[in-house]
Trainee: 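Next up is a structure, given as structure tokens.
Atom set for the values below is all heavy atoms of this structure, side chains included, hydrogens, waters and symmetry mates excluded. The residues of the chain are indexed from 1 along the displayed sequence.
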Amino acid sequence: SGTVYQAFCATVQKYPANICLSAGEVRLTYREVQNRVHLLAAFLQNTLAVKPGEAIAVYADQSPSWLIISLAVQAVGALEFPRHTNAGEA
């Protein structure tokens, strides 16, 4: 078993050049997504001082960026509490 982040990293190792995210004209490979995840994870740890086990509220729309945010939170071992920007709309 393992975490979603661990499964993602295993997939990056097997298929680094395959398309992972596609939205409109944006197409990112697994390696490109992993690079963005690592940059955001470093920001969370080094700038915001997020620690493993810490809860983080994530407020964002449903977009390809959501995957990168979610994986970065998992990479630092934090807990994600998603809140979509359209939450609460009728």
Side-chain angles (χ1 to χ4, degrees):
S1 70
T3 67
V4 172
Y5 176 69
Q6 290 168 336
F8 171 75
C9 289
T11 303
V12 173
Q13 292 303 311
K14 289 181 183 178
Y15 310 106
N18 285 11
I19 297 300
C20 176
L21 281 177
S22 179
E25 294 183 23
V26 176
R27 295 170 56 90
L28 298 174
T29 66
Y30 280 94
R31 179 68 69 205
E32 290 169 327
V33 170
Q34 184 182 50
N35 289 341
R36 291 178 186 211
V37 167
H38 288 170
L39 285 172
L40 182 55
F43 175 80
L44 291 172
Q45 288 178 311
N46 300 327
T47 304
L48 300 181
V50 173
K51 305 283 187 245
E54 190 169 27
I56 300 175
V58 176
Y59 190 76
D61 62 354
Q62 291 180 320
S63 70
S65 298
W66 188 267
L67 174 66
I68 294 168
I69 295 165
S70 183
L71 289 170
V73 170
Q74 292 177 46
V76 300
L79 305 171
E80 173 186 14
F81 290 94
R83 174 89 173 140
H84 297 286
T85 54
N86 61 355
E89 291 180 7

Trainee: Got a list of side-chain donor-acceptor pairs under 3.5 Å for residues 37-55, not counting sequence neighbours?
Mentor:
{"unit_1": "His38", "atom_1": "NE2", "unit_2": "Tyr5", "atom_2": "OH", "d": "3.2"}
{"unit_1": "Asn46", "atom_1": "ND2", "unit_2": "Ala42", "atom_2": "O", "d": "3.2"}
{"unit_1": "Glu54", "atom_1": "OE1", "unit_2": "Lys51", "atom_2": "N", "d": "2.9"}

Trainee: For Arg31, what residues pass the side chain to side chain donor-acceptor pair (under 3.5 Å) criterion, not counting sequence neighbours?
Mentor: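 By the side chain to side chain donor-acceptor pair (under 3.5 Å) rule, Arg31 matches Gln34.
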
Trainee: I need the minimum non-hydrogen distance between Leu67 and Cys20, along with the two atoms involved.
Mentor: CD2-SG, 4.1 Å

Trainee: Report the hydrophobic cluster partners of Phe81, with the cluster defined as I, L, V, M, F, W, Y residues connected by side-chain heavy atoms closer than 4.5 angstrom, directly or transitively.
Mentor: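 Via sub-4.5 Å side-chain contacts, Phe81 links to Leu79.
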
Trainee: Sort and list the pairs that fulfil side chain to side chain donor-acceptor pair (under 3.5 Å) and have at least one residue in residues 8-19, not counting sequence neighbours.
Mentor: none

Trainee: Is there a path of hydrophobic side-chain contacts, each under 4.5 Å between heavy atoms, that joins Ile19 and Phe8?
Mentor: no

